[in-house]
Amino acid sequence: MNNRHLRRIAVTVSAAALLPLALTACSGDSDTSSDAGADKAASSAPAKETESAASMDKPFGPGCATVPKEGAGSFDGMAQDPVATAASNNPALSTLVAAVKQAGLVDTLNSAENITVFAPTNDAFAKIPKADLDKLLANKAELTKVLTAHVVGQKLTPQQLEKGSFDTLAKTKLTTAGSGEDYTVNDSSKVVCGNVPTANATVYIVDTVLMPTS
């Protein structure tokens with residue numbers, strides 16, 4: 001009877017000794033699972049940030065829908081050519097291209113490095129009364145001033161347009177404001193398709209011609 005009682009005590013003591021070890025093992029498994037979950041969350045966060053940053057590098061705006069999907073006038077095609085050549089392949093910029101040729105600025109724009117061009121659409125030029133537009137096109141010096149007032153001597157990112165003031169090639173000031181995909185230039189012209197890459201420039205297509213005031 002005494003021996004049986006002693007055996008029961010030994011079993012109880014052994015079980016009590018093993019219990020902390022079992023709890024420690026379970027706790028270790030829980031910590032490992034928790035750490036794995038944290039690592040997974042941490043690894044997924046940079047992926048989202050990278051994806052967001054990548055999207056900011058792409059063209060944006062409602063006017064981008066009119067850009068051809070394929071060929072020299074597409075975004076991929078324009079990225080291969082210098083800016084004046086790239087614009088000539090975009091049907092929405094044909095009036096601008098004619099004005100650039102009239103002013104003799106094709107080589108100037110194509111040979112420039114790291115510039116930004118705010119490119120008025122055909123509809124933007126159509127806002128100018130025909131008599132005034134014809135007069136402008138006939139005056140090479142004035143036309144050159146107007147066109148170069150659309151060119152900044154550095155590549156501008158969308159973030160730089162949020163509250164910007166830049167010197168143009170015409171030695172005038174160009175101001176920008178906005179955020180996200182909504183930007184205004186000189187308080188009057190809206191960016192309808194922005195952040196378009198060409199071989200030597202970034203293009204922001206705008207809905208109003210920028211008339212230099214100083």
Side-chain angles (χ1 to χ4, degrees), residues 58-153 155-156 158 161 166 168-170 172 174 176 181-213:
K58 297 178 182 179
F60 63 85
C64 294
T66 66
V67 174
K69 302 299 182 186
E70 299 178 348
S74 66
F75 291 131
D76 288 341
M78 292 179 71
Q80 307 305 313
D81 292 321
V83 63
T85 303
S88 70
N89 293 320
N90 188 322
L93 301 177
S94 59
T95 305
L96 172 63
V97 171
V100 167
K101 290 179 179 178
Q102 184 76 10
L105 291 174
V106 172
D107 291 340
T108 299
L109 294 177
N110 276 349
S111 61
E113 295 183 2
N114 298 322
I115 60 175
T116 295
V117 176
F118 293 86
T121 62
N122 296 344
D123 289 341
F125 279 100
K127 293 179 181 180
I128 303 174
K130 187 177 184 307
D132 293 342
L133 181 58
D134 289 343
K135 183 178 179 181
L136 176 63
L137 294 173
N139 186 332
K140 185 175 180 179
E142 188 64 23
L143 180 61
T144 298
K145 183 177 181 180
V146 169
L147 293 176
T148 52
H150 290 74
V151 184
V152 173
K155 283 190 176 182
L156 301 177
L161 302 188
F166 311 100
T168 71
L169 298 192
T172 59
L174 182 149
T176 58
E181 296 187 359
D182 184 14
Y183 295 95
T184 303
V185 185
N186 286 359
D187 297 322
S188 61
S189 189
K190 291 284 189 181
V191 173
V192 295
C193 183
N195 208 31
V196 179
T198 71
N200 68 324
T202 298
V203 176
Y204 291 88
I205 300 175
V206 295
D207 68 357
T208 305
V209 176
L210 308 175
M211 291 298 185
T213 57

Item to check | Test item: Val192 and Val206 side chains (from C-beta on) under 4.5 Å apart, heavy atoms | outcome: no
Item to check | Contact check, side chains of Met78 and Val196, non-hydrogen atoms, under 4.5 Å | outcome: yes
Item to check | Any donor-acceptor pair under 3.5 Å from Ser189 side chain to Thr208 backbone | outcome: yes
Next on the checklist: Here's a test for you: under side-chain contact (heavy atoms from CB on, under 4.5 Å), which of Thr116, Leu156, Val151 qualifies with Phe166?
Outcome noted: Leu156
Next on the checklist: Could you check whether any side-chain heavy atom of Leu96 comes within less than 4.5 Å of a side-chain heavy atom of Leu147, counting everything from C-beta outward?
Outcome noted: yes
Checklist entry - Looking at side-chain heavy atoms only, is the closest gap between Asp76 and Glu70 below 4.5 Å? => result no
Checklist entry - Looking only at heavy atoms, which two atoms of Thr198 and Ala86 are closest? And how far apart? => result CG2-CB, 3.8 Å
Checklist entry - Considering residues, nucleotides and ligands other than Lys135, do more than 12 of their heavy atoms fall under 6.0 Å from its NZ? => result no
Checklist entry - Does Lys130 come within less than 4.0 Å of Asp134, counting only side-chain N to carboxylate O? => result yes
Next on the checklist: Taking Ser188's backbone N and O only, do any of them form a donor-acceptor pair with Asn186's side chain (distance below 3.5 Å, no angle check)?
Outcome noted: no
Checklist entry - Is any side-chain heavy atom of Cys193 closer than 4.5 Å to a side-chain heavy atom of Phe60? => result no
Checklist entry - Taking it one step at a time, do Val209 and Lys127 satisfy side-chain contact (heavy atoms from CB on, under 4.5 Å)? => result CA-CA 8 Å; Val209 176; Lys127 293 179 181 180; over 6 Å; no
Checklist entry - Do you know the tightest heavy-atom contact between Ala201 and Val83? => result CB-CB, 3.8 Å
Checklist entry - Which atoms form the tightest heavy-atom contact between Leu143 and Ala99, and what is the distance? => result CD2-O, 3.5 Å
Checklist entry - Does the Asn122 side chain pair with the main chain of Ser94, one donor and one acceptor, at a distance under 3.5 Å? => result yes
Checklist entry - Are the side chains of Pro212 and Val146 in touch, meaning some heavy atoms are under 4.5 Å apart? => result yes
Item to check | Nearest-0.5 Å distance that lies between atom SG in Cys64 and atom CD1 in Ile205 | outcome: 6.5 Å
Checklist entry - When rounded to the nearest 0.5 angstrom, what is the spacing between CG in Leu161 and OG1 in Thr176? => result 4.5 Å
Checklist outcome for this item: Shortest non-hydrogen pair, Gly73 vs Pro68, comes out as O-CD, 3.5 Å
Next on the checklist: When you measure from the side chain of Asn200 to the backbone of Leu109, do you find a donor-acceptor pair of N or O atoms at a distance under 3.5 Å?
Outcome noted: yes
Next on the checklist: Can you confirm whether Asp107 is buried at CG, in the sense that more than 12 heavy atoms of other residues, nucleotides or ligands lie under 6.0 Å from that atom?
Outcome noted: no
Checklist entry - Do Tyr204 and Val185 touch side chain to side chain, with heavy atoms closer than 4.5 Å? => result no
Checklist outcome for this item: So CZ of Phe75 and CG of Asn195: to nearest 0.5 Å the spacing works out to 10.0 Å
Checklist entry - If you measure only the distance, is there a donor-acceptor pair under 3.5 Å linking the side chains of Lys69 and Ser74? => result no
Checklist outcome for this item: In terms of heavy-atom contacts, Ile115 and Gly153 come closest through CG2-CA, 4.2 Å
Next on the checklist: If we ignore hydrogens and angles and just use 3.5 Å, is the side chain of Thr121 paired with the main-chain N or O of Ala124 as donor and acceptor?
Outcome noted: yes
Checklist entry - At their closest point, which heavy atom of Gly61 faces which heavy atom of Glu181, and how far apart are they? => result N-OE1, 4.1 Å
Checklist entry - Counting only heavy atoms not in Lys101, do more than 12 sit closer than 6.0 Å to its NZ atom? => result no
Checklist outcome for this item: So CE of Met211 and NZ of Lys145: to nearest 0.5 Å the spacing works out to 11.5 Å
Checklist entry - Between Thr85 (side chain) and Asp81 (backbone), is there a donor-acceptor pair under 3.5 Å? => result no
Next on the checklist: Working to the nearest 0.5 angstrom, can you tell me the gap between His150 NE2 and Thr168 OG1?
Outcome noted: 10.0 Å
Next on the checklist: Return the OG1 to CG distance between Thr144 and Leu169, rounded to the nearest 0.5 Å.
Outcome noted: 11.5 Å
